[in-house]
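Below, read A as the first sequence line, B as the second, and so on, with proteins coming before strands; counting in each chain starts at 1.
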Amino acid sequence: MLSKEKTIWAVHQMMLEFPEAMGALHSDTPFHLLIAVMLSAQATDVSVNKVTPKLFARFPEPKDLAAAEIPEIEAYIRSIGLYHNKAKHLKACAQKILSDFDGVVPNNRAGLVSLPGVGRKTANVVLGDAFNVPAFAVDTHVQRIAKRLQIVKQSASVVEVEQVMTKRLPENEWVKSHHTLIFFGRYQCMARNPKCPTCPLLEICAEGQKRTKKTAE
DNA sequence: ATCCCGAGGG
DNA sequence: CCCTCTGGAT
């Protein structure tokens, strides 16, 4: 396993490579960010940003979405995929924000996770980006990178990854680290064809060294 | 463990 | 053609 010191070094190297890393989902209010993050499940940020302007214009507030017909919501978000579940969750989520939270998006993890369609990952992103509450969201990119660098064992769950990363990184870097790992995963350490030969972390990455050795044969 | 599920990339 | 995309619910 990678040591704590090397973990911090690795994340800082990623920050040097992608200093501009930040949230890529477009939104103005916490409610709209919540919707954008819910829609981003198994979808690209580009595809989400493509539909949210019209969606937010049509449904500015929780009460607007809570009163909407499912088919109309689906029509706005169909191009994203998984649209049946997402439309259903969006409406139920807006309804619960009205009934249980006085129409205001809760700013704590327990409240957020209680909303239909909102899991720990979505809650952590909203906490960090909308409310400036320290949180470290573990998505497919973060989990893949943590395992390739052997920061965690291959069988680690998302919660285990979150526990290790939040224990090793200073709290005031959690949000930025998350976004940096996303960028690193998207442009350098991709799922399918990672660019190991040009990776600044190759010297500490067992997976990368294995891969570069294979391609050299 | 499985299902959902369109769009874009390789 | 096949794989992946800032997951969550069952």
Original post:
Nearest-Å distance, CG (A:Asp45) to C1' (B:dG8)?
Top reply: 12 Å

Original post:
To the nearest angstrom, how far is A:Met38 atom CE from C:dC5 atom C1'?
Top reply: 18 Å

**OP:** Under 4.0 Å between any heavy atoms, over every strand shown, what does A:Gly185 touch: base, sugar-phosphate, or nothing? Just pick one.
**Re:** nothing

Original post:
Should we say atom CE of A:Met22 is surrounded by more than 12 heavy atoms from elsewhere, each under 6.0 Å from it?
Top reply: no

**OP:** Give the rounded distance in Å between these two atoms: NZ of A:Lys96 and P of C:dA9.
**Re:** 11 Å

Original post:
What orientation do A:Phe136 and A:His178 show, parallel under 30°, tilted 30 to 60°, or perpendicular over 60°?
Top reply: perpendicular

Original post:
Would you say a side-chain N or O of A:Thr44 is under 4.0 Å from OP1 or OP2 of B:dG8?
Top reply: no

**OP:** Ignoring backbone atoms, establish whether A:His84 has a side-chain N or O less than 4.0 Å from OP1 or OP2 of B:dC4.
**Re:** no

Subject >> Inter-nucleotide P distance (B:dA7, C:dG8), Å rounded >> reply: 22 Å

Subject >> Polar side-chain atom of A:Arg58 near backbone of A:Tyr76 as donor-acceptor pair, under 3.5 Å >> reply: no

Original post:
NA contact type, A:His89, heavy-atom cut-off 4.0 Å: base, sugar-phosphate, or nothing?
Top reply: sugar-phosphate

Subject >> Closest to the A:Ser79 side chain, choosing from B:dA7, C:dT6, C:dG7 >> reply: B:dA7

Original post:
Starting at CG of A:Leu82 and ending at P of B:dA7, how long is that distance when rounded to a whole Å?
Top reply: 12 Å

Subject >> Whole-angstrom distance between C:dT4 and B:dC4, as gauged at atom C1' >> reply: 15 Å

Original post:
What does A:Val158 touch in the nucleic acid at a heavy-atom separation under 4.0 angstrom: a base, only the sugar-phosphate, or nothing?
Top reply: nothing

Original post:
Which part of the nucleic acid, if any, lies within reach of A:Thr140 when heavy atoms closer than 4.0 Å are counted: base, sugar-phosphate only, or nothing?
Top reply: sugar-phosphate

**OP:** For A:Asn193 and for A:Ser47, find the nucleotide of DNA chain B with the closest heavy atom, then tell me which residue's nucleotide is more 5'.
**Re:** A:Ser47

Original post:
Does NZ belonging to A:Lys147 count more than 12 external heavy atoms closer than 6.0 Å?
Top reply: yes

Original post:
B:dA1 and C:dT6: how far apart are their P atoms, nearest whole angstrom?
Top reply: 24 Å

**OP:** May I ask you to test the A:His141-A:Phe184 pair for a side-chain heavy-atom distance under 4.5 Å?
**Re:** no

Original post:
C:dT10 phosphate, OP1 or OP2: any side-chain N/O from A:Lys88 under 4.0 angstrom?
Top reply: no

**OP:** Check every strand shown and say whether A:Ala191 touches a base, only sugar-phosphate, or nothing at a heavy-atom separation below 4.0 Å.
**Re:** sugar-phosphate

**OP:** For A:Tyr83 and C:dA9, give me the distance from atom OH to atom P, rounded to whole Å.
**Re:** 20 Å

**OP:** Would you please confirm or rule out a distance under 4.0 Å between OP1 or OP2 of C:dT6 and any side-chain N or O of A:Arg186?
**Re:** yes

Subject >> Residue closer to the 5' end of DNA chain C, A:Gly117 versus A:Val37 (nearest nucleotide) >> reply: A:Val37

**OP:** State whether A:Arg78 places a side-chain N or O below 4.0 Å from either non-bridging phosphate oxygen (OP1 or OP2) of B:dA7.
**Re:** no

